[in-house]
2 protein chains.
Amino acid sequence: MNERAADRVREALEEDVVLGRILPGNRLDELALAERFGVSRTPVREALNRLAASGLVELRARRGAFVKAIGIAQVVEMFEVMAELEALCARLAARRINGEHTARLLQAHQACIDAAEQADADAYYHRNEAFHQAIYDACGNRFLAEQTENLRNRLTPYRRMQLHVRNRIVGSLSEHQQIVDAIRAGEEDLVVAIVKNHILIQGEKFHSLVQGLDATPSVSTAGAS
Amino acid sequence: MNERAADRVREALEEDVVLGRILPGNRLDELALAERFGVSRTPVREALNRLAASGLVELRARRGAFVKAIGIAQVVEMFEVMAELEALCARLAARRINGEHTARLLQAHQACIDAAEQADADAYYHRNEAFHQAIYDACGNRFLAEQTENLRNRLTPYRRMQLHVRNRIVGSLSEHQQIVDAIRAGEEDLVVAIVKNHILIQGEKFHSLVQGLDATPSVSTAGAS
DNA sequence: CAGATCGAAATTGTATACAAGAACGCATAA
DNA sequence: TTATGCGTTCTTGTATACAATTTCGATCTG
C-alpha cells in the first residue's frame with residue numbers, strides 16, 4: 001500500500017485521458033496537477049514522462065504536455081496494426097493453446113454471452129476486454145501479449161464509442177463464438193481471418209461514425225467551410 | 001542545438017545499452033550518471049524513466065534502475081512479433097507504394113549491394129537498416145512504421161551479433177532483391193512470405209548462436225569477468 | 001488604427017535540499 | 001564459527017528553490 005505518488009498520478013491521468021475526461025489537445029499544467037493531487041511538480045513530471053512514452057500525451061519541449069490529439073487517419077492506422085497483432089495472438093493461440101487457457105477462454109466467452117442476454121452494454125464491454133485478454137494470454141508469447149494489450153488500451157476510447165451501435169453486440173458475440181471454435185480446432189488460418197475482420201470492423205465503424213458525426217477539419221477536408 | 005540535458009543523457013544511455021557497453025543486469029546509479037554527464041540527478045531520472053518505458057531498463061521501486069536482462073526466450077518472442085510487423089509493412093508497401101518511395105527503396109537496395117561488394121560488414125549493417133526503414137516508410141501507415149522501427153531498435157544488439165555469421169550477407173542481399181521485386185510487382189502474399197522468412201532466420205540464427213555459446217545464462221551473467 | 005517591439009508574468013527545465021527506505025557491515029551471542 | 005540484530009550509510013523518492021525560455025499584453029510608433 002506504500003504506493004509511489006508518481007504512480008498514483010500516472011494512473012489517475014491515464015484514466016482521465018482514456019475515458020475522455022481530459023480532451024485531446026488540452027494542455028496539462030504541471031502546477032495545477034500537482035495541486036490537484038497534493039504533491040509537488042516532481043512526481044507529476046515523472047508521470048507525464050511515462051504517459052508521453054506510452055503515447056497518451058505529447059511533450060512539446062518547453063511548451064508543456066498536451067493530450068495527444070490522435071487524428072482519424074491515425075486511429076484507422078492503429079486499428080490496422082491492432083488487427084494484425086490480435087490475429088497473430090489468435091493464430092498462436094490456435095497453435096499452442098492448452099487446457100488451462102482453454103478453460104479461461106470458454107469462461108470469458110460465457111461471461112460475454114451472459115452480459116449480452118441481459119443487454120448490459122457496460123458489462124459486455126468489460127467482459128469483452130477479458131475475452132480478448134484471454135486470447136492474448138493463450139498465445140504463449142508474453143511479449144506479444146503485452147504489446148497487443150498496450151495497443152488495445154490506447155484504442156479504448158475509440159472502441160468504447162461504437163459498442164453502443166445497434167446490434168453490434170450480437171454481431172460481436174457471434175464472431176467470438178467463431179473465434180473460440182476455430183482456436184479449439186486449431187484452425188490457424190481461419191481464426192486469423194475471423195479476428196482480422198472482427199477488429200477491422202471496429203475501425204470501419206469508427207471511421208463511418210466520426211464521418212457521420214462531425215467534420216473535424218484536422219486532416220482531410222482541406223478547404224472546408 | 002539547444003538540446004535538453006535529459007535528452008542528451010537518454011540518447012547516450014540508449015546507445016550504451018543497445019551497443020552492449022553496459023551489460024544487462026547492471027545497476028544504473030543515478031548519482032554516478034549525473035556526475036558522468038555533468039548534470040544533476042533530475043534529468044538523469046527523467047532519462048531513466050523514458051528508457052524504462054521503452055523497455056531498455058527495468059525500474060525496481062526504491063531499488064534503482066537495472067539494464068533489462070532480456071532472456072533468450074523473450075528475444076525469440078520479439079523476433080516473432082518483428083516478423084509479423086515487418087511483413088505487414090511489406091504487404092502494405094506492395095499495395096500502396098508510389099514512385100518516390102520506390103526510388104528510395106531501390107537506392108537503399110543498391111547501397112546495400114555496394115557495401116556487400118566491398119565486404120564492408122559495418123557499412124552493410126547501416127545500409128541494411130536504411131533499406132528496412134525505406135520499406136517501413138513506404139507502407140503508408142506512419143503508426144505502423146514507428147512501431148516497427150521501435151521494435152527493430154530494441155532488437156538491434158541481437159541482430160548485430162549475427163551479421164558476422166558466414167555468408168549471411170549474401171543470403172540477406174538475395175532476399176532483399178526478392179523483396180524489392182515482389183513489392184514493385186504488388187505481390188502482397190509473396191512479399192509477406194519472404195519477409196517473414198527473412199526476419200525469422202535472424203531469430204533462429206540468434207537462437208542457435210546463443211545455444212552454441214552458453215548453457216543456461218537465463219538471468220544475469222552480469223559480472224562475468 | 002495596425003503592427004511591432006519590449007517587458008512582465010507564467011511555465012518549463014534543472015539544481016539542490018530533505019525525507020524515507022533499503023543495503024551493508026559490524027558487533028554480539030550462541 | 002556462524003547467525004542474528006541493530007545501526008550506519010548509501011540510494012531512491014519528493015519537495016523546494018533557481019534559471020531559462022516562452023507567451024501574452026501593453027505601449028509606442030508609423
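For the numbers below, each heavy atom of this structure counts, side chains included, while hydrogens, waters and symmetry mates do not. Naming convention: chains lettered A, B, ... in sequence-line order (proteins, then strands); numbering from 1 in each chain.
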* Asked: Is it the case that more than 12 heavy atoms not belonging to A:Arg142 sit under 6.0 Å from its CZ atom?
  -> no
* Asked: When you measure from the centre of the six-membered ring of A:Phe66, is the NZ or CZ of A:Arg60 under 6.0 Å away and within 45° of the axis?
  -> yes
* Asked: So with a 6.0 Å cut-off around CD of B:Glu11, is the heavy-atom count from everything else above 12?
  -> yes
Shorter than 3.5 Å, N or O on both sides, protein versus nucleotides 13-15 of chain D: list them out with atom names.
unit_1, atom_1, unit_2, atom_2, d
D:dG13, OP1, A:Arg4, NH1, 2.8
D:dG13, OP1, B:Arg62, N, 2.9
D:dG13, OP2, B:Arg45, NH1, 3.0
D:dG13, OP2, B:Arg45, NH2, 3.3
D:dG13, N7, B:Arg41, NH2, 2.9
D:dG13, O6, B:Arg41, NH1, 3.2
D:dT14, OP1, A:Ala5, N, 2.7
D:dA15, OP2, A:Ser40, N, 2.6
D:dA15, OP2, A:Ser40, OG, 2.8
D:dA15, N7, A:Thr42, OG1, 2.9

* Asked: Rounding to a whole Å, what distance do you find between A:Leu31:CG and D:dT22:P?
  -> 20 Å
* Asked: When you measure from the side chain of A:Asn141 to the backbone N and O of B:Glu77, does any donor-acceptor pair fall under 3.5 Å?
  -> yes
* **Spacing of A:Asp29 atom CG relative to D:dT23 atom P, expressed in whole Å** => 14 Å
* Asked: Separation of B:Arg27 atom CZ from C:dA22 atom P, in whole Å?
  -> 14 Å
* Asked: Whole-Å distance between C:dA22 P and B:Phe66 CZ?
  -> 13 Å
* Asked: Whole-Å distance between D:dT12 C1' and B:Asn49 CG?
  -> 12 Å
* To do: Verify, without hydrogens or angle tests, whether B:Asn49 (side chain) and A:Arg50 (backbone) share a donor-acceptor contact under 3.5 angstrom.
  => no
* B:Leu48 CG to D:dT11 P, straight-line distance once rounded to whole Å -> 14 Å
* Distance from A:Glu46 atom CD to A:Leu51 atom CG, nearest 0.5 Å? -> 11.0 Å
